[in-house]
Amino acid sequence: MSNTSKGAVLVSGASIAGPATAYWLHRYGYDVTVVEKSAGVRAGGYPIDVRGTALEAVRRMGILPQLQAAHVDSRRMTFLNADGSEAARVHPQAVVGGVDGRDLEVRRGDLADILYAAVRDDVEFVFGDSIEALTEHDRGVDAVFRSGAQRSFDLVIGADGMHSRTRGLVFGPEERYARYLGYCFSIFTMPNTLGLSHEAILWNTPGRAAALYAVGDGDVVHAMLNFARPEPPQELRRDPEAFTDLVAEVFAGDGWEIPAVLDAMRGATDRFSDTVGQIRMPHWSRGRTALVGDAGYAPSFLTGQGSSLALAGAYMLAEALATHGDHAKAFAAYEGATRGFVEVNQAQVDKGEAALFPTTAAALERRNERLRALTELPPQTGRPAHTALVLPEPADAS
């Protein structure tokens, strides 16, 4: 790598896509600044999957051993009927289409910490701040930050999630690109009153589901409440308490452990609620700004591929910049090489058709029949969509 900088790049977002992009850009000789609105790397969050093509990306970053050490190793997934009786019990990888012994599942916070540690000494991180305005000109992009700071960069990369501020500033309102998938959810942690260990329980009734997930054998589990709703409650997305009221109303009267889960949701300090959707854009770049990960092409958690697309996309974006130099050619090459991979993964779920969350009694019974046909043994092959992209060799490989 040359000692001469190829340019200054501002990356917005320090979760998954941001630090991964920063790692590769630094490796290819760019000066990188990452801005993150949170006070630090965010801990917690539901466990996420790293599969297929993304495994090769993290191997090339040198962090695969750390991710393997952080692997959750879930051993079973039990599906329950509305009355709490068992409908089916399967190996978790059989449900998500993973490959046991190869694909990884880690706490979202663990992945974020590992990515941050891999790059924190090489790039500048600015926490507790965010982009307020961007003005592009012939020589670069002037950025104004919420703190009042003003700086100039050659390129800007939006890696700030499904509700990307960068995308809103450069490409326009989220409504143009958001594709609602017919569900709403709330996730939080709660006491492990059922004594779960390395397992998940999924309770279903048509149009409603509750999941309890123990990543180990501790005294806390991850909980999720998910429900079908034809139209998105847009007016509630920015009102957490009203969203919580809606969730409680939808699940009122349900049996099993649902009353206790609702009580825990009310008292949770880490509750996060949102609609389930995708981001679909005709182009992932405009001028000197490009998007990576959920900001440009969120597939939704229903696919289990959000983090994998972010990790693969970060690699592809940086490699294209290193190969082509000119940002316009590079952004076009990045999108041309990556869009097919994104689209085949987004196509795994359609509106109201999430495999684990049937909306009718007939669909729920069909799902249970499919589950009962599976075994508790781990699968040996994954879904083709997970490996539909072969990463090019690093641009600096000799």
- prompt: In terms of heavy-atom contacts, does CG of Asp219 have more than 12 from other residues, nucleotides or ligands at under 6.0 Å?
  reply: no
Sub-4.5 Å side-chain heavy-atom contact between Met61 and Trp24: yes
- prompt: Sequence neighbours excluded, which residues qualify as side-chain hydrogen bond (donor to acceptor under 3.5 Å, both in side chains) partners of Ser186?
  reply: Ser273
task: Would you check if there is a donor-acceptor pair between the side chains of Asp274 and His163 at a distance under 3.5 Å?
output: yes
- request: Please confirm whether Phe127 and Phe125 have ring centers closer than 6.0 angstrom.
  value: yes
query: Should Asn345 and Thr303 be marked as a side chain to side chain donor-acceptor pair (under 3.5 Å) after you check the CA-CA gap, both sets of side-chain angles, and the distance that decides it?
result: CA-CA 7 Å; Asn345 279 283; Thr303 68; over 6 Å; no
Heavy-atom neighbours of Lys37 NZ exceed 12 at 6.0 Å: no
- prompt: Is there any ring pair (Phe, Tyr, Trp, His ring centres under 6.0 Å) pair reaching into residues 287-307, and which pairs are they, with sequence neighbours excluded?
  reply: Phe185-Phe301, Trp284-Tyr297
task: Look only at the side chain of Arg51 and the backbone of Gly304, and say whether a donor-acceptor pair between them is shorter than 3.5 Å.
output: yes
query: What residues, two or more places apart in sequence or in another chain, satisfy side chain to side chain contact (heavy atoms under 4.5 Å, CB included) together with Ser12?
result: Val35, Ile131, Asp160, Thr166
Can you list, pair by pair, the side-chain donor-acceptor contacts under 3.5 Å of residues 108-121, counting residues two or more places apart and other chains?
{"residue": "Arg108", "atom": "NE", "partner": "Gly44", "partner atom": "O", "Å": "3.4"}
{"residue": "Arg108", "atom": "NH1", "partner": "Ser15", "partner atom": "OG", "Å": "2.9"}
{"residue": "Arg108", "atom": "NH2", "partner": "Arg42", "partner atom": "O", "Å": "2.5"}

- prompt: What residues form a salt bridge (charged side-chain N to carboxylate O under 4.0 Å, His left out) with Arg288, not counting sequence neighbours?
  reply: none
message: Arg176: which residues meet the salt bridge (charged side-chain N to carboxylate O under 4.0 Å, His left out) condition with it, sequence neighbours left out?
response: none
field: Residues in side chain to side chain contact (heavy atoms under 4.5 Å, CB included) contact with Leu246, at least two apart in sequence or another chain
entry: Phe227, Arg229, Pro233, Leu236, Val250
message: Filter on side chain to side chain donor-acceptor pair (under 3.5 Å), then keep only pairs touching residues 206-218, sequence neighbours left out; what's left?
response: Ser74-Tyr213, Glu105-Tyr213, Arg208-Asp254
- line: Taken in chain and number order and not counting sequence neighbours, the residues that satisfy salt bridge (charged side-chain N to carboxylate O under 4.0 Å, His left out) with Glu124 are Arg151
task: State, without any angle test, whether Asp142 and Ser152 hold a side-chain donor-acceptor pair at a distance under 3.5 Å.
output: yes
- prompt: Are a donor atom and an acceptor atom from the side chains of Arg367 and Asn204 found within less than 3.5 Å of each other?
  reply: yes
message: Quick check on Glu86: does its CD atom have over 12 non-hydrogen neighbours (other residues, nucleotides or ligands) under 6.0 Å away?
response: yes
- request: Using a strict cut-off of less than 4.0 Å between a Lys/Arg side-chain nitrogen and an Asp/Glu carboxylate oxygen, indicate whether Arg167 and Asp294 qualify as a salt bridge.
  value: no
task: Go through the structure and list residues passing salt bridge (charged side-chain N to carboxylate O under 4.0 Å, His left out) with Asp270, not counting sequence neighbours.
output: none
field: Partners meeting side chain to side chain contact (heavy atoms under 4.5 Å, CB included) with Thr360 (sequence neighbours left out)
entry: Ala362, Ala363
- prompt: Hey, is the main chain of Gly140 close enough, under 3.5 Å, to the side chain of Asp154 for a donor-acceptor pair?
  reply: no
Partners meeting side chain to side chain contact (heavy atoms under 4.5 Å, CB included) with Arg280 (sequence neighbours left out): Arg179, Gln278, Gln346
